[in-house]
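First up is the structure itself, then whatever we jot down about it.
All values below come from the heavy atoms of this structure, side chains included, with hydrogens, waters and symmetry mates left out. Position 1 is the first residue of the sequence; numbering continues from there.
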Amino acid sequence: MITIDDLLQDAALPIVPDTSFDVGAALRRLAAEAHRRPDSGGEVSSGAQAGHRLSTVCRWMINAPGAAQHIGELADAAPSAVPGKAEDFDVEGACVFACLLLLTGHPESAQFWWQLSAGAGHRIAAYCLHLHHLALGEAREAAHWRHEVTSTRAGTHGIDDVLLDCLGTVATYVRKNGSSSSMAPTGQLEMEVDRLAGEGGHPIVRRPDQRLVEQLRDFTSR
């Protein structure tokens, strides 16, 4: 599973890998460093800023190690798999696919796949939905998904509001200063997404296939 540690590894922050995916602990390590940085964006204060942060997070996701593998698992899931159940499909893959859809101009489909992933407990997908609705000016929906990110469930650690804002601060910093893990999809990868979007005759882009997986693998290996 792609963790917050994976997403932030190129932000020049002292992150220690956390195999238990304790998001709260990872972000606490960010807090001290974020306070030492000069003006780096502060809280999300506008739809435009939320959109920029969402784009940055999405670029992290599609460039992260294992991104193509997760989308491959999603592509190989049985047709009878029940969306929303983590044991039936790759929840991480659904989030990565949604991020790729957003970056290639398919926001409605991105929202659909984020919702499947977030419904199965994926907090990064919920954070993307928070930013997505905030960028659209949909405050009520944005607040709902922020709550899903920060809430504490049985056996999980929620991300508190201060630490969530730290993640936004780092996203803003990376957007302004660049990162080796923030490339936008281009060329053949975009074409493969458009191909999927044009098949099936449905408004929502269908699940990925191995042709898309190969293009993403090629993209992330550069």
[Y] and [X], any side-chain heavy atoms less than 4.5 Å apart:
{"X": "Met61", "Y": "Glu92", "result": "yes"}
{"X": "Cys95", "Y": "Trp114", "result": "yes"}
{"X": "Phe219", "Y": "Ile62", "result": "yes"}
{"X": "Thr104", "Y": "His106", "result": "yes"}
{"X": "Val205", "Y": "Phe97", "result": "yes"}
{"X": "His132", "Y": "Gln111", "result": "yes"}
{"X": "Asp209", "Y": "Arg195", "result": "yes"}
{"X": "Glu141", "Y": "His144", "result": "no"}

Discussion item. Is it the case that the side chain of Ser221 and the backbone of Asp218 share a donor-acceptor pair, with hydrogens and angles ignored and the cut-off at 3.5 Å?
Written reply: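 Yes: the side chain of Ser221 pairs with the backbone of Asp218.
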
Worksheet item: Do any N or O atoms from the side chain of Arg146 and from the backbone of His130 form a donor-acceptor pair under 3.5 angstrom?
Response: no

Could you grab the distance from atom [atom1] of [X] to atom [atom2] of [Y], nearest 0.5 Å is fine?
{"X": "Tyr127", "Y": "Glu148", "atom1": "OH", "atom2": "CD", "answer": "16.0 Å"}
{"X": "Cys128", "Y": "Arg53", "atom1": "SG", "atom2": "CZ", "answer": "13.5 Å"}
{"X": "Asp90", "Y": "His122", "atom1": "CG", "atom2": "NE2", "answer": "8.5 Å"}
{"X": "Leu212", "Y": "Leu196", "atom1": "CG", "atom2": "CG", "answer": "5.5 Å"}
{"X": "Leu216", "Y": "Gln69", "atom1": "CG", "atom2": "CD", "answer": "11.5 Å"}
{"X": "Arg217", "Y": "Leu189", "atom1": "CZ", "atom2": "CG", "answer": "12.5 Å"}

Mind listing the closest non-hydrogen atom pair of [X] and [Y] along with its distance?
{"X": "Ala118", "Y": "Ala125", "value": "N-CB, 3.7 Å"}
{"X": "Val213", "Y": "Ala68", "value": "CG1-O, 3.6 Å"}
{"X": "Trp145", "Y": "Ala126", "value": "CB-O, 3.5 Å"}
{"X": "Ser117", "Y": "Val91", "value": "OG-O, 2.9 Å"}

Discussion item. So that I can tick it off, tell me whether Arg206 and Glu199 are bridged by a salt bridge, with the cut-off set at under 4.0 angstrom between side-chain N and carboxylate O.
Written reply: yes

Worksheet entry | Check ion pair Arg207-Asp76 (N to O, under 4.0 angstrom) |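 No, this pair does not count.
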
Worksheet item: If you group Ile, Leu, Val, Met, Phe, Trp and Tyr by side-chain heavy-atom gaps below 4.5 Å, do Leu102 and Ile204 land in one group?
Response: yes

Worksheet item: Are Leu136 and Phe112 grouped together when hydrophobic residues (ILVMFWY) are joined by side-chain heavy atoms under 4.5 angstrom apart?
Response: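 No, Leu136 does not connect to Phe112 through the hydrophobic network.
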
